[in-house]
Amino acid sequence: MSMRTPRFPQALPTAVTLAVLAALNAPAHAQTAPAAKPAQSGGETVVVTGMRAALESALNAKREDRGIVDVIKAEDITKFPDTNLAESLQRIPGVVIDRDAGEGRNITVRGLGLDFTRVRINGIEALATTGGTDSSGGANRSRGFDFNVFAAELFNSITVRKSSSADVDEGSLGATVDLQTSRPLDFPRGFKATASLKGRYNDLSGKTDPRVAFLVSNTNQDKSFGVLLSGAYSKRQLLEEGFSTVRWDNGPSSGGWCAPQGVTPANPSNSTATTCGPAAQGVARIPGTPEAIAAYNASSNAANFHPRLPRYGRLTHDQDRLGLTGSVQWKPSENTLLTFDVLYAKLEATRQEDFLEAISFSRTAGQGGKPQTSVLQADYAANGALQFGRYNGVDIRAESRFDELSTEFTQPSLTLQQRFGDFVTVNAKLGRADSKFRNPVQTTTTLDALNVNGYTLDFRNNSRLPVIGYPFDPTQAGTGSLALVGVPQVTSGTQPTTIANTTSSEIRIRPQGSNNRNDILHADVAWEIVPDKLTLQAGADYKKYDFDTYEFRRINQNDTIFAPAAGVPIANLVTMISGFGKGLDLPAGTPTAWAIPNLNAIAQTYDIYCNCLKSGPVGGPGDFTLSSITNGNARGNNRSVSEKDTGGFLMADFTTALGSIPLRGNFGVRYVKTEQVATGYQATAGGTEVQVAQSYDDVLPALNLSANLTKDFVVRFAAAKVMARPQLGFLNPGGTISTTGTLSITSGNPLLKPFRAKTFDTSFEWYHSRNAFVGLGLFHKDINTYIQSLRTNVPYKDTGLPLSLLPSNFTGDEVFQVTTPVNTQGGKLNGFEINIQQPFTFLPGIGRNFGTLLNYTHVKSKIEYLVSPNGGATITDDLLNLSPKSWNATLYYDDGKFSARVSGAYRMGFLQRVPGQNNNDVEGKNSSVNIDASLSYKWSDQVEFTLEGVNLTDRPNDQFISRARNSSVVYHVTGREYLLGLRYKF
């Protein structure tokens with residue numbers, strides 16, 4: 001194979017030429033491999049188009065690459081295989097996705113989660129983040145990329161680079177994902193345009209929403225200048241409904257239950273002989289019958305667990321997604337190509353979360369929680385999971401949270417490709433990727449009913465959808481039911497901020513946001529020393545990454561309120577949820593309607609967004625002033641990280657032979673120096689800024705070899721040292737310092753070293769016929785360093801914190817107990833992938849138009865997780881986000897005019913937290929299978945009709961806690977989606 005550098009190099013390999021020249025009559029694929037070769041049949045030329053052409057183009061790109069990669073190509077202009085980029089990526093072996101609001105958000109590659117995967121757009125490293133539900137990770141303050149920010153129609157190819165090479169910059173343990181937008185010189189000369197319009201219907205929300213996209217491109221006759229503009233807009237209105245618990249906890253938690261009369265309470269100081277808690281609360285202890293004592297003893301067993309906040313809820317999502325790309329290319333001579341790309345995306349959303357819940361099971365005596373709750377009856381499974389419970393003294397809450405969210409992403413980039421003579425090529429790239437996430441409104445309001453008797457919780461027939469019994473009508477609000485429980489306003493003396501031993505109604509206000517900016521400068525030179533055999537490439541990189549995040553909360557950190565002013569009836573401050581459970585097989589007796597706070601009415605009545613003191617003392621129930629750094633609850637989310645990464649690489653790209661076996665590949669080394677500054681706030685003096693700097697160096701060798709044992713059988717081997725920088729949250733130097741009693745510090749660790757690993761990959765690839773492939777990939781990663789939160793004892797002067805935070809009589813030699821993330825021993829990760837792509841061209845008749853794509857991935861990795869920061873006990877378990885098994889299967893039909901596809905994606909259960917919270921070993925998600933389908937019909941060369949179905953089985957998001965119990969944390973559905981569309985080419 002020739003090694004000569006092409007005269008007009010593109011940002012990706014230039015084998016796209018044939019596919020591009022066929023645009024508008026054949027698919028406009030990305031820039032890598034020929035997609036449409038003519039085949040002779042009965043004297044006629046048959047041109048492969050559509051789905052089969054995209055698969056062939058992607059397979060050719062994989063075959064020609066020197067590393068181990070997988071590629072996805074658009075089937076046509078603005079026609080990516082799926083409506084969501086993450087959902088396309090899950091078709092690649094080894095790639096699994098995590099969803100938020102029913103659509104793909106993040107990816108995991110070969111068992112390594114979002115923090116270990118880098119994403120480049122048009123060759124520029126980028127990080128786009130947005131906000132999600134708390135159970136899906138909330139606001140993204142990590143290094144992970146949120147793929148749901150972008151419309152899929154903006155891109156024409158995705159390349160997942162699973163092996164490393166010296167010319168690809170560092171930062172990934174899992175993979176580097178390259179997203180490529182279209183450019184005008186991709187297409188034939190002259191004017192080209194296409195547009196598509198789809199209507200999306202969701203069967204749970206009953207809403208129909210638009211999805212539109214367009215692309216316009218024009219080049220002059222000699223293709224020395226071209227301009228392209230593309231855009232996509234979609235609206236998505238959906239409901240998310242189901243059951244959740246906010247985790248499970250054991251019997252003694254939160255101070256234990258209220259003991260029956262005659263039984264010594266677990267917390268005798270918080271109760272009397274006849275009441276649960278102080279007599280003023282008037283919550284009676286139940287008679288000490290044998291049945292009551294047996295139920296109390298079973299519920300108080302540390303091996304028995306109950307849900308903390310059992311609740312049914314509805315989440316209402318409303319999203320608007322806009323994306324625009326522009327590209328200008330100028331080729332003033334045969335040896336020069338200048339490309340300017342710009343990408344803009346904006347995701348705007350609102351989300352309302354409405355729950356009817358019991359809050360006593362997670363509250364302490366001071367909050368009127370479990371120590372005021374009596375157990376009338378309790379049955380537990382052998383594994384400790386609650387099966388049935390009946391309780392007195394339960395606080396019931398209708399909670400409503402409203403969020404406004406937006407992400408704005410911009411990325412301009414300039415690329416120069418210049419050839420000098422026949423053997424030297426220079427490439428230079430300059431760009432900025434800027435992502436701004438804003439959550440200006442995050443407001444939670446509640447209605448409460450205190451100390452309700454006769455509440456029941458029944459999991460006996462369904463561990464995911466229990467029967468919950470309320471001893472009052474939850475659709476009513478007022479006396480004896482759900483109401484605004486305010487702190488009484490006193491006319492003299494000190495105004496309390498809370499009601500003693502009670503959780504009153506709340507108004508939480510928590511605006512927040514974050515920024516991510518990557519500035520990139522790259523230059524390299526390639527010198528073809530031996531034509532077609534050896535090219536030496538050297539380059540330099542400079543990257544500056546800036547991250548900052550902020551949050552505000554009420555200075556009244558209890559979020560309490562006064563009762564509404566006299567004359568304001570509760571009915572004016574309440575609205576209703578109705579028709580709940582359409583997408584669920586709800587058990588009989590489950591409420592399908594309940595009263596919720598009317599946020600708009602409450603906001604107007606209390607003037608909650610005034611950022612001011614409305615009534616009462618500063619910091620009291622009538623104070624809606626916001627604070628950030630000085631606020632103990634918000635301080636931890638006010639922080640920043642700045643990194644400067646300076647490096648370079650040297651790499652040899654070669655083609656040779658080992659006897660009669662053609663051999664090609666590359667080997668080289670990359671050096672990078674990371675200079676990092678982390679800023680946070682300690683609690684002293686109401687928030688003291690702390691800034692800690694560190695730097696570290698990495699030398700990262702990489703080797704890729706590819707041998708053609710036969711014309712169609714390729715064996716690859718790759719080895720490299722890789723690194724990924726620590727999670728942003730772990731780098732926070734802020735926290736708390738105690739200089740009295742036990743000297744202690746709780747904070748992040750701005751001196752963390754990166755994750756480092758050695759990787760080895762082998763791939764066996766048989767391209768046994770046109771568009772057909774069988775592959776086996778083996779991979780091993782030796783993760784040398786991992787990061788866990790531990791407790792250690794170190795002299796203060798070794799913490800990296802300034803002495804100014806200590807009292808004047810401290811020297812810095814004092815030993816502090818520090819709870820912080822630290823670098824720990826890692827572990828090994830092993831796995832294999834099987835990948836099959838097979839058109840059924842050997843079948844007669846229309847059978848030859850069918851084909852299949854199949855892949856299976858198995859990954860195994862064990863990490864020792866510390867159970868307690870005080871001891872040496874560990875849990876040996878999977879890496880977080882690692883699914884040991886996953887598969888994808890697609891059956892397709894394509895005859896050039898009509899095409900159809902049905903796809904299934906399976907992901908085995910995986911862990912999200914080890915150790916788990918609230919006395920549990922682990923937290924995670926259960927396995928899932930998602931089924932999608934699509935149909936398209938070409939009415940003419942210009943007109944095509946499409947029909948797609950997404951999440952056809954309405955697969956629930958099923959999150960669990962505890963391996964033994966598999967207790968439900970979230971069980972939500974979002975409905976099936978159907979898209980009917982029309983595409984037109986001009």
Side-chain angles (χ1 to χ4, degrees), residues 12 27-30 32 35 50-59 61-62 69-100 102-109 114 117 119-121 128 145-162 174-182 196 198 200 211 213 232 234 321 323 345 835 837 853-855 857 886-892 894 899 901-907 928 930-934 936 946 948-952 977 979 981:
L12 297 176
H29 304 295
T32 308
M51 187 185 306
R52 286 190 295 161
L55 295 173
E56 183 175 350
S57 175
L59 196 61
K62 176 181 177 69
V69 304
D70 285 291
V71 182
I72 302 173
K73 296 299 186 73
E75 297 177 19
D76 208 333
I77 305 173
T78 70
K79 189 183 179 184
F80 217 71
D82 294 274
T83 59
N84 176 280
L85 289 175
E87 287 158 13
S88 283
L89 280 163
Q90 73 176 336
R91 315 294 179 201
I92 287 177
V95 179
V96 292
I97 70 173
D98 207 5
R99 289 177 168 82
D100 181 52
E103 67 174 354
R105 180 180 180 184
N106 309 121
I107 68 170
T108 293
V109 183
L114 67 164
T117 300
V119 176
R120 302 189 301 186
I121 302 176
F145 191 94
D146 286 335
F147 288 89
N148 57 340
V149 170
F150 300 98
E153 293 91 337
L154 301 177
F155 301 92
N156 61 17
S157 76
I158 300 178
T159 301
V160 178
R161 304 185 182 280
K162 297 178 177 177
T176 296
V177 178
D178 278 316
L179 307 178
Q180 182 66 50
T181 62
S182 296
S196 66
K198 297 179 181 178
R200 179 204 300 263
R211 186 180 183 104
S234 63
R321 183 183 291 110
N835 192 6
Q837 180 171 316
L853 308 172
L854 306 168
N855 65 66
T857 303
S886 62
W887 55 256
N888 287 274
T890 297
L891 177 67
Y892 69 86
D894 187 0
S899 68
R901 181 192 68 188
V902 59
S903 299
Y906 168 78
R907 181 176 189 181
S928 63
N930 285 83
I931 306 296
D932 305 320
S934 67
S936 68
T946 61
E948 301 164 74
V950 179
N951 189 26
L952 291 176
E977 294 188 339
L979 296 92

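These numbers were taken from a predicted model, which means no experiment stands behind them.
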Q: Quick one: list whatever passes side-chain hydrogen bond (donor to acceptor under 3.5 Å, both in side chains) with Asp70, sequence neighbours left out.
A: Lys62, Lys162

Q. Atom NZ of Lys73 and atom CG of Leu55: how far apart are they, to the nearest 0.5 Å?
A. 11.0 Å

**Q.** Closest non-hydrogen atom pair between Ile72 and Ser88, with its separation
**A.** CD1-O, 3.2 Å

(Q) Would you compute the distance between atom CZ of Phe147 and atom CG of Leu89 and round it to the nearest 0.5 angstrom? (A) 5.5 Å

Q.
Side chains of Ile121 and Phe145, heavy atoms from C-beta outward: is any pair under 4.5 Å?
A. yes

Q: Could you tell me how the ring of Tyr906 sits relative to the ring of Trp887: parallel (under 30°), tilted (30 to 60°) or perpendicular (over 60°)?
A: parallel

Q) Do the side chains of Pro81 and Arg901 get nearer than 4.5 Å, heavy atoms only? A) yes

Q) What distance separates Ser903 OG from Arg91 CZ, expressed to the nearest 0.5 Å? A) 4.0 Å

Q) Between CG of Asn888 and CD of Gln90, what distance do you get to the nearest 0.5 Å? A) 6.0 Å

(Q) Once rounded to the nearest 0.5 Å, what's the spacing between atom NZ of Lys79 and atom OG of Ser936? (A) 3.5 Å

Q. If we only count heavy atoms from C-beta on, is the Asp98 to Arg105 side-chain gap below 4.5 Å?
A. no

**Q.** Test item: Ser234 and Glu153 side chains (from C-beta on) under 4.5 Å apart, heavy atoms
**A.** no

Q) Glu87 side chain to Gly104 main-chain N or O, any donor-acceptor pair under 3.5 Å? A) yes

Q) For Pro93, which of Thr857, Val160, Val109, Leu853 qualifies under side chain to side chain contact (heavy atoms under 4.5 Å, CB included)? A) Thr857

Q) Nearest heavy-atom pair of Ala933 and Leu952: which atoms, and what distance? A) CB-CD1, 3.9 Å

Q) Can you tell me how far CD1 of Ile107 sits from CD1 of Ile97, rounded to the nearest 0.5 angstrom? A) 9.5 Å

Q: Could you tell me whether a side-chain N or O of Arg211 sits under 3.5 Å from a main-chain N or O of Gly981, the two making a donor and an acceptor?
A: no

(Q) Under a plain distance cut-off of 3.5 Å, with no hydrogens placed, do Asn106 and Asp146 share a side-chain donor-acceptor pair? (A) yes

Q.
Ignoring hydrogens, what is the shortest heavy-atom contact between Phe80 and Phe155? Give both atom names and the distance.
A. CD1-O, 3.3 Å

Q. Do Arg99 and Asn930 come close enough that some side-chain heavy atom pair is under 4.5 Å?
A. yes

Q.
Does any part of the side chain of Arg52, heavy atoms only, come nearer than 4.5 Å to the side chain of Tyr892, both counted from C-beta?
A. yes

Q) Looking at Glu977, Glu103, Glu948, which hits salt bridge (Lys or Arg N to Asp or Glu O under 4.0 Å) with Arg200? A) Glu977

Q.
Could you tell me if Asp894 and Ser899 have a donor-acceptor pair between their side chains, going purely by distance under 3.5 Å?
A. no

Q. Side chain to side chain contact (heavy atoms under 4.5 Å, CB included) between Thr946 and Leu979: does it pass, once the steps are laid out?
A. CA-CA 8 Å; Thr946 61; Leu979 296 92; over 6 Å; no

